[in-house]
Amino acid sequence: DAGVIQSPRHEVTEMGQEVTLRCKPISGHNSLFWYRQTMMRGLELLIYFNNNVPIDDSGMPEDRFSAKMPNASFSTLKIQPSEPRDSAVYFCASRFNRDRGAGYTFGSGTRLTVV
Amino acid sequence: EDQVTQSPEALRLQEGESSSLNCSYTVSGLRGLFWYRQDPGKGPEFLFTLYSAGEEKEKERLKATLTKKESFLHITAPKPEDSATYLCAVLITGGGNKLTFGTGTQLKVEL
């Protein structure tokens, strides 16, 4: 089991550019989560999907952020246009939510720097 | 408003010096409380899930307990490799599968 795979690991981009973060969840997991982590605010949930359907996107900061899950094995988080305040570590996590005791498995994250 | 608060923010221990980390929560209804460990540059790693007051879980030098208002993560005779940030998170009734995290306790264990 390769775990949750995120790419890229690091991204440096200029303000105004489009950024796409990618995630491959663990096979068989039916929920996928996008979190953002900063020193000031800790881990914040941006959006999550159940069975590829967006369920709660109340954490998405603004319309510049969008997320898709076209199939059970792939999700993207897009920021367009990017701003310096978007600099953070973005984590993807997945879970098999029919197992009550199951933890959420996190990827290694994408460190985004917008200059 | 649902809240999760962890204390202390940072803790420095000598190797072998046992201690506890606290996670207090104010939520409308608790479905589960999760503990995670996070090492620098990595994603959080799942440790335990607790569901009801009085429940306890153990793993090596770690023991998690739960009351109706808070959870403790007890670390017995810690070693330097236990140094990490420990995060607690809650699943709330009516919150779907949304996991809400505290801000963590940064633990450093020194020789």
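If you're wondering where the values come from, they're calculated on a predicted model, not measured in any experiment. Each chain gets a letter, A, B and so on, in the order its sequence line appears, and its residues count up from 1. These numbers come from the heavy atoms of this one structure, side chains and all, not from hydrogens, waters or symmetry mates.
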Gap between atom CD of B:Q38 and atom CZ of A:F106 - 0.5 Å precision: 8.5 Å

Interatomic distance, A:M40 atom CE to B:T103 atom OG1 [nearest 0.5 angstrom]: 11.0 Å

Whether over 12 other heavy atoms sit under 6.0 Å from B:K57 NZ: yes

Between A:Y104 and B:F46, ring centroids under 6.0 Å: no

Engaged part of B:Y36 at the chain A interface, taking heavy atoms whose separation is under 4.5 Å: side chain

Flag if over 12 foreign heavy atoms under 6.0 Å of CZ, B:R61: yes

Part of B:L91 within contact of chain A (heavy atom distance under 4.5 Å): side chain

More than 12 heavy atoms from other groups under 6.0 Å of CD on A:E62: yes

Closest non-hydrogen atom pair, A:Y35 against B:L99: OH-O, 2.6 Å

A:I55 side chain near B:N97 side chain, heavy-atom distance below 4.5 Å: no

Residues, nucleotides or ligands: over 12 heavy atoms within 6.0 Å of A:R111 CZ: no

Whether over 12 other heavy atoms sit under 6.0 Å from A:N71 CG: yes

Minimum heavy-atom distance between B:K42 and A:F91, given as atom pair plus value: O-CZ, 3.6 Å

Exceeds 12 heavy-atom contacts within 6.0 angstrom, atom CD of A:E14: no

Shortest non-hydrogen contact from B:K98 toward A:S58: NZ-OG, 4.4 Å

Atom pair CZ (B:F101) and CD (A:E44), whose distance is rounded to the nearest 0.5 Å: 12.0 Å

Qualifying residues under ring pair (Phe, Tyr, Trp, His ring centres under 6.0 Å), relative to A:Y48, sequence neighbours excluded: A:F33

